Amino acid sequence: MSGNPTLGFLLHDVARLLRKRFEQRARCLGLTRSQWQTLACLRSNEGIHQGGLAEILEIEPITLVRIVDKLADRALIERRQHPTDRRIWLLYLREEAHPLLAEMRELGELTRCEAFQSVPPEQRDQLFDILSAMKTNLVEACRTPVAEHETRHG
């Protein structure tokens, strides 16, 4: 690759480094990345079934089962049976998870402060606005099938 990185590579690298730095800070909490991501996602999706959470996290359901088993063993989440379908398990945070989530939020804020250390506040706001617009555009684009002429490579 010559010259400057593409937008995709740059976004990927920044996201990777944010995760890496957060993991360095969060190591003291005794959670793996997949465990803290699951807790963070479940915080805003309580009562979701395991398959739905696996889809949001973009992991295989069997992988999520292993993560949930470990979090349940630590008394951080609980499974409750669906009221009308006994094959479905719904996931909820336990009270013991909330202090841990608060610590995770603090560590996340410290990590973001490091990342934005030399970026003026007005540029931070502009970055959020641009990335939010890009996300909106891409979410909409992903709802639309790719045109036939775009699928050809020649």
Side-chain angles (χ1 to χ4, degrees), residues 1-68 70-71 74 76-77 88-154:
M1 190 162 77
S2 64
N4 296 328
T6 64
L7 175 65
F9 278 110
L10 185 58
L11 288 172
H12 177 78
D13 278 349
V14 169
R16 178 183 57 80
L17 290 166
L18 282 168
R19 283 190 307 273
K20 180 179 181 176
R21 186 61 175 152
F22 179 87
E23 287 172 13
Q24 288 173 340
R25 291 182 180 283
R27 204 168 274 130
C28 64
L29 301 178
L31 295 172
T32 65
R33 178 196 309 173
S34 57
Q35 290 170 340
W36 59 256
Q37 286 175 324
T38 300
L39 286 174
C41 191
L42 187 55
R43 177 181 53 216
S44 53
N45 293 284
E46 278 200 87
I48 193 170
H49 61 87
Q50 290 182 171
L53 186 58
E55 189 174 312
I56 291 170
L57 291 168
E58 296 182 346
I59 60 175
E60 293 297 319
I62 190 67
T63 302
L64 180 65
V65 168
R66 291 186 202 110
I67 296 167
V68 168
K70 289 180 181 166
L71 292 171
R74 287 190 58 179
L76 297 173
I77 64 171
I88 297 175
W89 291 96
L90 306 177
L91 302 174
Y92 293 87
L93 293 173
R94 294 187 49 138
E95 199 58 41
E96 294 85 346
H98 293 284
L100 193 57
L101 286 164
E103 284 185 69
M104 289 169 53
R105 272 191 295 275
E106 287 177 27
L107 296 176
E109 183 59 29
L110 287 171
T111 304
R112 283 184 294 279
C113 285
E114 281 183 321
F116 279 122
Q117 189 173 11
S118 63
V119 180
E122 63 276 0
Q123 287 183 345
R124 295 176 192 188
D125 294 341
Q126 189 176 23
L127 176 63
F128 276 96
D129 291 345
I130 291 167
L131 290 174
S132 295
M134 289 174 66
K135 179 181 175 181
T136 299
N137 294 341
L138 290 168
V139 165
E140 188 60 35
C142 287
R143 291 183 180 138
T144 307
V146 176
E148 179 65 27
H149 69 277
E150 289 182 35
T151 60
R152 293 189 209 123
H153 297 285

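What you see is a predicted model, and the numbers here were worked out from it, not measured in a lab. Position 1 is the first residue of the sequence; numbering continues from there.
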ask   = Do NZ/NE/NH1/NH2 and the carboxylate oxygens of Arg143 and Glu140 come within less than 4.0 Å?
value =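 A salt bridge is present here (some side-chain N lies under 4.0 Å from a carboxylate O).
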key: Salt-bridge present (Arg25, Glu103; N to O < 4.0 Å)   =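 Answer for the salt bridge query: no.
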Distance in Å, [X] [atom1] paired with [Y] [atom2], rounded so as to fall on 0.5 Å steps:
X      : Y      : atom1 : atom2 : value
Cys41  : Leu91  : SG    : CG    : 10.5 Å
Glu95  : Leu76  : CD    : CG    : 11.5 Å
Glu23  : Thr111 : CD    : OG1   : 10.5 Å
Ile130 : Asp125 : CD1   : CG    : 11.0 Å
His12  : Leu17  : NE2   : CG    : 9.0 Å
Leu101 : Arg105 : CG    : CZ    : 6.0 Å

For the residue pair [X] and [Y], establish whether any side-chain heavy-atom pair is separated by less than 4.5 Å.
X      : Y      : value
Leu31  : Leu71  : yes
His98  : Arg43  : no
Leu7   : Met134 : yes
Phe116 : Gln123 : no
Ile48  : Leu90  : no
Leu29  : Leu107 : yes
Phe22  : Arg33  : no

request  = For the pair Tyr92 and Ile77, evaluate side chain to side chain contact (heavy atoms under 4.5 Å, CB included) and give the outcome as yes or no after the intermediate values.
outcome  = CA-CA 6 Å; Tyr92 293 87; Ile77 64 171; over 6 Å; no
Tell me whether [X] contacts the main-chain N or O of [Y] through its side chain, where contact means a donor paired with an acceptor under 3.5 Å.
X      : Y      : answer
Glu46  : Leu93  : yes
Arg124 : Val119 : yes
Thr38  : Ser34  : yes

inquiry  = Taking atom CD as the centre, does Gln24 end up with more than 12 heavy-atom neighbours from other residues, nucleotides or ligands that are less than 6.0 angstrom away?
reply    =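 More than 12 within 6.0 Å, yes.
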query = Crowded around Glu122 CD? As in, over 12 foreign heavy atoms under 6.0 Å?
reply =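 Counting neighbours around CD of Glu122, more than 12 heavy atoms of other residues, nucleotides or ligands fall under 6.0 Å, so yes.
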task = Report the C-alpha distance between Lys135 and Leu131 in whole Å, list the side-chain angles of each, state the deciding distance to 0.1 Å, and finish with yes or no for side chain to side chain contact (heavy atoms under 4.5 Å, CB included).
result = CA-CA 6 Å; Lys135 179 181 175 181; Leu131 290 174; over 6 Å; no
query = Gln37 and Arg19: side chain to side chain contact (heavy atoms under 4.5 Å, CB included), yes or no, with the steps?
reply = CA-CA 10 Å; Gln37 286 175 324; Arg19 283 190 307 273; 4.0 Å; yes
ask   = Taking all atoms of both residues into account, what is the closest heavy-atom pair of Pro61 and Ala54, and its distance?
value =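 For Pro61 versus Ala54, the nearest heavy atoms are CA-CB, 3.8 Å.
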query = Between Arg66 and Glu60, does a salt bridge (Lys or Arg N to Asp or Glu O under 4.0 Å) hold up when you go through it step by step?
reply = CA-CA 10 Å; Arg66 291 186 202 110; Glu60 293 297 319; over 6 Å; no
